[in-house]
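Written below as structure tokens is the structure these notes are about.
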Amino acid sequence: MVTRRAEAAGGAGATVDEGPAVQDHYPADAAHCYGCGARNPFGHHLKTRWADGSRTETITRFTPGPEQTAMPGYVYGGLVASVLDCSGTGSAALAGTHAAGLDLEGDGSLRYVTGTLEVRYQRPTPMSVELVVRGRVEEVKGRKVTVALTMTAGEDEVASGRVVALQLPDEMRSS
Ligand SMILES: CCCCCCCCCCCCCC(=O)SCCNC(=O)CCNC(=O)[C@H](O)C(C)(C)COP(=O)(O)OP(=O)(O)OC[C@H]1O[C@@H](n2cnc3c(N)ncnc32)[C@H](O)[C@@H]1OP(=O)(O)O
């Protein structure tokens with residue numbers, strides 16, 4: 001499946017969502033994550049895709065609801081961190097799978113866990129606006145992938161951060 005979602009031309013919005021969501025290709029025994037697991041009925045069900053053909057930029061979208069409030073009209077910072085976290089591990093999975101020469105749809109995705117998460121809260125994050133997280137793959141080194149992330153709400157960059165993700169150790173998998 002190919003999803004193309006053209007936004008307003010120019011500026012921060014000129015992005016196209018490209019290809020399948022990596023989370024739809026996670027192995028079933030590693031798909032329980034609250035942020036991104038298809039098998040977690042209570043989770044965010046984040047979807048991360050390549051943002052263009054270069055295979056270095058990713059995009060993830062999420063619209064928070066009132067239960068994720070910090071103060072009226074604004075999003076809880078832990079939710080912002082959670083969305084950045086799983087956007088980062090999803091980006092790492094896309095990059096690691098690609099670097100290994102695997103085909104996402106044919107072979108499935110490699111699976112990554114968070115080693116380090118950095119978050120910088122730049123502006124209050126407004127409620128009920130689609131948050132767009134863009135990931136930039138900085139390095140793929142062995143089992144380790146580093147991804148820089150920005151989160152925008154409309155025209156405003158509200159948060160940024162970085163995830164260092166490690167390929168999932170076998171002992172962390174469960175059926
Ligand atoms: C509880 C989780 C359940 C998971 C269920 C499955 C679904 C997954 C869903 C998750 C998705 C959602 C997200 C979640 O919620 S994932 C849940 C939150 N994360 C965790 O619980 C992870 C806990 N930590 C570990 O298991 C280990 O420490 C890991 C696996 C991370 C590394 O231990 P491992 O023995 O594998 O590493 P290594 O010693 O061979 O080092 C290899 C390289 O990595 C570098 N390095 C090492 N550690 C870190 C670090 N912390 N930060 C940065 N870099 C680190 C190290 O310098 C070396 O680099 P270089 O020298 O080569 O350059």
Side-chain angles (χ1 to χ4, degrees), residues 3 17-51 55-65 67-70 75-121 125 130-152 158-175:
T3 298
D17 298 8
E18 186 79 39
V22 68
Q23 291 86 357
D24 291 337
H25 297 278
Y26 282 167
D29 65 349
H32 302 79
C33 174
Y34 181 71
C36 55
R39 297 182 69 184
N40 188 327
F42 307 106
H44 301 325
H45 298 146
L46 295 177
K47 304 286 186 188
T48 302
R49 298 180 163 87
W50 290 118
R55 299 296 182 258
T56 57
E57 310 275 341
T58 68
I59 190 160
T60 310
R61 299 170 183 276
F62 183 77
T63 302
E67 71 278 12
Q68 290 146 345
T69 293
V75 176
Y76 167 57
L79 186 276
V80 170
S82 171
V83 172
L84 288 173
D85 185 3
C86 284
S87 302
T89 54
S91 302
L94 282 169
T97 301
H98 180 63
L102 300 173
D103 172 62
L104 196 61
E105 293 182 282
D107 302 314
S109 174
L110 300 179
R111 194 69 166 99
Y112 285 76
V113 293
T114 316
T116 301
L117 168 66
E118 298 170 12
V119 181
R120 182 181 177 95
Y121 296 96
T125 302
E130 183 182 64
L131 306 176
V132 180
V133 179
R134 293 179 174 82
R136 182 169 48 80
V137 179
E138 294 185 322
E139 182 182 46
V140 180
K141 183 186 177 201
R143 298 171 45 242
K144 184 174 73 172
V145 181
T146 305
V147 183
L149 300 154
T150 61
M151 176 184 286
T152 54
V158 294
S160 59
R162 180 169 282 100
V163 164
V164 180
L166 279 297
Q167 197 176 332
L168 182 67
D170 285 342
E171 66 269 19
M172 290 177 76
R173 295 177 73 142
S174 63
S175 57

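Every number for a ligand or one of its atoms is a count from 1 in the order of the listing.
Counting heavy atoms only, Thr114 comes closest to atom 13 (C) of ligand 1 of the residues Thr114, Thr146, Val163. In the candidate list Lys144, Glu139, Arg111, Arg111 is nearest to atom 7 (C) of ligand 1, counting heavy atoms. Looking at Leu166, Leu168, Asp85, it is Leu168 that brings a heavy atom closest to atom 6 (C) of ligand 1. The option from Thr89, Thr116, Leu46, Val164 that lies nearest to atom 52 (N) of ligand 1, judged by heavy atoms, is Thr116.
Ligand 1 places these atoms under 4.0 Å from at least one heavy atom of Cys33: 9 (C), 11 (C), 12 (C). Proximity to Lys141 (heavy-atom distance under 4.0 Å) selects the following atoms of ligand 1: 60 (P), 62 (O), 63 (O).
For Arg134 (side chain) and Thr150 (main-chain N/O), no donor-acceptor pair under 3.5 Å exists by modelled atom type. Side chain of Gln23 to backbone of Ala38: no donor-acceptor contact under 3.5 angstrom is found. Put simply, the side chain of Arg162 never gets that close to the backbone of Glu118: no donor and acceptor are under 3.5 Å apart. In terms of modelled atom types and a separation under 3.5 Å, the side chain of Ser91 and the main chain of Ser87 share a donor-acceptor contact. His45 contributes a side-chain N or O that, together with a main-chain N or O of Asn40, makes up a donor-acceptor pair within less than 3.5 Å.
Neither the backbone nor the side chain of His32 comes within contact range of ligand 1; no heavy atom lies under 4.0 Å.
Remark: Tyr76 engages no residue in a ring pair (Phe, Tyr, Trp, His ring centres under 6.0 Å) (not counting sequence neighbours).
Under a 4.0 Å heavy-atom criterion, Cys86 is in contact with ligand 1. At least one heavy atom of Tyr112 sits less than 4.0 Å from an atom of ligand 1.
By the neighbour-count criterion of 12 heavy atoms within 6.0 Å, atom CZ of Arg136 is sparsely surrounded, having that number or fewer from other residues, nucleotides or ligands.
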